Amino acid sequence: MRVPGRIFASERLIRDIESDKSIEQVANVAYLPGIVEASLAMPDIHWGYGFPIGGVAATDPAAGGVISPGGVGYDINCGVRILRTELREEDIEGRVPGLMDALFSAVPTGLGSSNAIKPLSVAEMHDLLVTGAEYVVRDLGMGGEDDLRHTEENGRLAGADPDQVSDRAVERGRRQLGTLGSGNHFLEIGVADRIFDVGSAAALGVDEGTVCVLIHCGSRGLGYQVCDDYLSVMNRAVIKYGIELPDRQLCCAPIESDEGRAYLGAMACAANYAWANRQTITHLARECFMETLDIGPRDLGMRLIYDVCHNVAKFEEHEVDGRLRTLCVHRKGATRAFPPGDPRIPESLRAIGQPVLVPGDMGRCSYVLTGAPGALQRTFGSTCHGAGRVMSRAQAKRESRGRDLFGEMAERGVTVRAASKRTVAEEMPYAYKDVTEVVDVMAGAGVSDKVFRLKPVGVIKG
Amino acid sequence: MSASGHREIDHTADLGFEVWAESLSSLFAEAVLALGDLCYDRAVVRPVGQRRLEIRGANPEERLVRWLQEVYLVLESELWLTATATNVVVEDEAIEGTLHGEPFDRARHTLHSEIKAITYHGLEIVQRDGSWRVTVVVDV
């Protein structure tokens, strides 16, 4: 190990963490060339491909640092956005099933979901891959400039190079813009039911009873294809550059190499596709709410609070040993969490810190946090991203046999619409850790602070 | 245990399946069935249409991953469901075979989870006592 491994957890969470091989994966990541300070893991860590999910690793390009597709994940820029509305809980009483039906019909979900909007041409795809969410706002007329200001990197990651994206990846992306996919992806209507920081919540336009919308999805088939394509490239690069690794799934290339630059150019394209995807879904959601409730945009007031990515590698300046260095921060199942005053967050949010969105399971709750000063000292400005699974998908399906899952969720006050009953079985609340414990660990470490909690009332699963 | 077959396995955040068969060709054909069972209710898919696939790969594991990737892409991009695979020929650097199935029909077919990738995690094709086995983990 070139650096130590460091895991943020409570005593109880560490017992769950010890039940899979994720600790070994934290140790493996510490072997990456050019890794700085430590191989980090957030409390929602669990086993992932190569890197653990919930892992953070910063590498220094100037010190032979590498970029690893396994440190980003298959779903490049999988992420979450949260929108607030002018609606109160009582305004949607009895209307949730109708809203869920409208959303379920407008936002294609599940295996093979496509054609939410007209398929894009290859030329249009190339524009989109460079400009990200901007393309959806400016060229497709879906959303406004305010949406872009409240998206990490303004919804457009620099360095995107469509020439590094395979034809097959582009082809997979042409029909999937505005679709949710499946697995743990979701679209949720939630109500703020607990406010921890009244001032920050007010700055975000939220108080107790505010109706919000959460969207969790990523770059769809295009991103998966980019990852697949570059795992092959990186497997060859490891041999070419003589990189010794404890696990070949960590395959990587120096950032300053043709292979490294090519992956970063393709990865930025996929990240931009994901932001464009979430922006398109945002537009579809706004339309569904206005039509179903028969209200205008002003009365709806569905404003983007923030959009974060939790599967990405980005170049950021961080202070290490008293010196400011530009590092490549891999966050795989981890969220950027910059503290108040940081110039890299939008001016309108700078006083409270960058919002961080941490979805829980579909039955319990989700959290909105803000980055705290400890994040820059301890985690390269990163925090947790979700609850983390505690039960395998196969085991969750076995637990669910003979049970009325939709009925159980309705008893919890959650209307569920899903493309696949099997996905619902795999995603039931008991398959996940309690997200409250996860966010409390990061609050205790001074990395991120709780602002408000959201209880789900309607969920769409793939 | 029958000469060839497959079963789903537990794997933390992801899904996977174990496949066994009497020959390498049968193993590749059986893996198609395992993938289908993960993604949709294969029992009701009628083998009325055909798709011919040919792929290349440097070693048996790479050929298996690419083979399953191709089968999955037919499903994702065309919503065409495979019931069985026949005439599978595995050669030194290539594999070819015929998929039998039909287009997705909402009235009759049930789709399950989308797959992000067929991974190389723990992937090793093993031949022992006249039986071929492999465990495939898919990222969902």
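All figures in this text were calculated on a predicted structure; none of them were measured in a lab. Lettering follows sequence order; numbering is per chain, from 1.
Going from atom CG of B/D139 over to atom CD1 of A/I53 covers 7.0 Å, rounded to the nearest 0.5 Å. If you take OG on A/S420 and OH on B/Y40, they are separated by 14.5 Å, rounding to the nearest 0.5 Å. One finds the NE2 atom of A/H46 at 8.0 Å from the CG atom of B/D14 (value rounded to the nearest 0.5 Å).
Each salt bridge (Lys or Arg N to Asp or Glu O under 4.0 Å) pair with one or both residues in residues 106-124 of chain B, not counting sequence neighbours, appears once here: A/R220-B/E114, B/E102-B/R108, B/D105-B/R108.
Interface remark: of the candidates B/L111, B/V65, B/L79, B/L111 forms the most heavy-atom pairs closer than 4.5 Å to chain A. In terms of heavy-atom pairs under 4.5 Å with chain B, the best-connected choice from A/R175, A/E171, A/K21, A/R172 is A/R172. In terms of non-hydrogen atom pairs under 4.5 Å with chain A, the most contact-rich of B/H112, B/E8, B/E76 is B/H112. The greatest number of non-hydrogen atom pairs below 4.5 Å with chain B, out of A/K397, A/R248, A/K421, A/E426, is found for A/K397. Contact tally against chain A (heavy-atom pairs below 4.5 Å) for B/I9, B/L73, B/I115: the top residue is B/L73.
At a 4.5 Å heavy-atom cutoff, the contact between B/L75 and chain A is made by side-chain atoms alone. Heavy atoms closer than 4.5 Å to chain A are found nowhere in B/S77, neither backbone nor side chain. For chain A, no part of B/F17 is nearby; none of its heavy atoms comes within less than 4.5 Å. Both the backbone and the side chain of B/T119 come within less than 4.5 Å of a heavy atom of chain A. At a 4.5 Å heavy-atom cutoff, the contact between B/D10 and chain A is made by backbone and side-chain atoms alike.
Minimum heavy-atom separation, A/Y74 to B/I118: OH-O, 4.3 Å. Taking each heavy atom of A/S182 and B/S113 in turn, the nearest pair found is OG-OG, 3.5 Å.
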Subject >> side-chain contact (heavy atoms from CB on, under 4.5 Å) evaluation trace for B/E62 with A/N235 >> reply: CA-CA 12 Å; B/E62 188 173 287; A/N235 269 320; over 6 Å; no
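Summarising the local packing, CG of B/N59 is surrounded by more than 12 heavy atoms from other residues, nucleotides or ligands at distances under 6.0 Å.
Between A/Y49 and B/V137, the closest side-chain pair of non-hydrogen atoms is not below 4.5 Å.
Under 4.0 Å is where a charged nitrogen must lie from a carboxylate oxygen, and between A/R168 and B/E70 at least one such pair does.
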